[in-house]
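Note that the structure is a prediction, hence the values are computed from the model and not measured. Numbers here are sequence positions counted from 1.
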Amino acid sequence: ETFCASLGDQNSILLCNQIVANYAEIAQTQSDTDIFYILWAGSLVFMMHLGFAMLSAGAVRVKNTKNILLCILIDACTCAVAWWLLGYGFAYGDSAGGFIGTSRF
């Protein structure tokens with residue numbers, strides 16, 4: 001805003017304000033796209049658990065199917081809790097030397 005006000009000409013100020021507003025809208029769109037991508041990728045990973053459950057259930061005898069499916073359900077739940085506790089902070093926290101996140105736990 002201070003940069004736009006320093007231009008002096010009314011048309012230049014108007015154009016500058018529109019450009020600033022467009023940048024804000026683009027930043028919001030990028031943020032929304034990032035959130036959508038994270039949710040989409042997470043759902044695909046969860047679907048891999050389902051696919052592995054079907055593969056494992058088909059590879060064992062009928063009497064062991066419940067045990068295999070329960071093991072995979074426990075694995076999926078454990079992974080979700082571990083991501084909630086640690087993974088998000090490691091992936092998206094403030095970087096410590098460019099290797100791992102150290103905040104947002």
Interatomic spacing from CD1 in I74 to CG in L69 - rounded to 0.5 Å | 11.0 Å

Give the table of side-chain donor-acceptor pairs shorter than 3.5 Å for residues 54-68, with sequence neighbours excluded, one pair per line with atom names and distance.
residue: S56; atom: OG; partner: F52; partner atom: O; Å: 2.9
residue: T65; atom: OG1; partner: R61; partner atom: O; Å: 3.4
residue: T65; atom: OG1; partner: V62; partner atom: O; Å: 3.2

Under 3.5 Å, side-chain donor or acceptor atoms of residues 39-47 against the rest of the protein: list the pairs with distances, not counting sequence neighbours.
residue: S43; atom: OG; partner: L39; partner atom: O; Å: 3.4
residue: S43; atom: OG; partner: W40; partner atom: O; Å: 2.7

Given a cutoff of under 4.5 Å between side-chain heavy atoms of I, L, V, M, F, W and Y, with clusters grown through shared members, what are the other residues clustered with I19?
-> L15, Y23

Side chain S103, main chain G93, donor-acceptor under 3.5 Å = no

Using a 4.5 Å cut-off on heavy atoms from C-beta on, say whether the side chain of D75 contacts that of C79.
-> yes

With sequence neighbours left out, which residue pairs that include part of residues 65-93 fulfil the ring-ring contact (aromatic ring centres under 6.0 Å, His included) condition?
-> Y88-Y92, F90-F105

Considering only distance and modelled atom types, tabulate donor-acceptor pairs under 3.5 Å from the side chains of residues 30-38, sequence neighbours left out.
residue: D32; atom: OD1; partner: Q28; partner atom: NE2; Å: 2.9
residue: T33; atom: OG1; partner: T29; partner atom: O; Å: 2.8

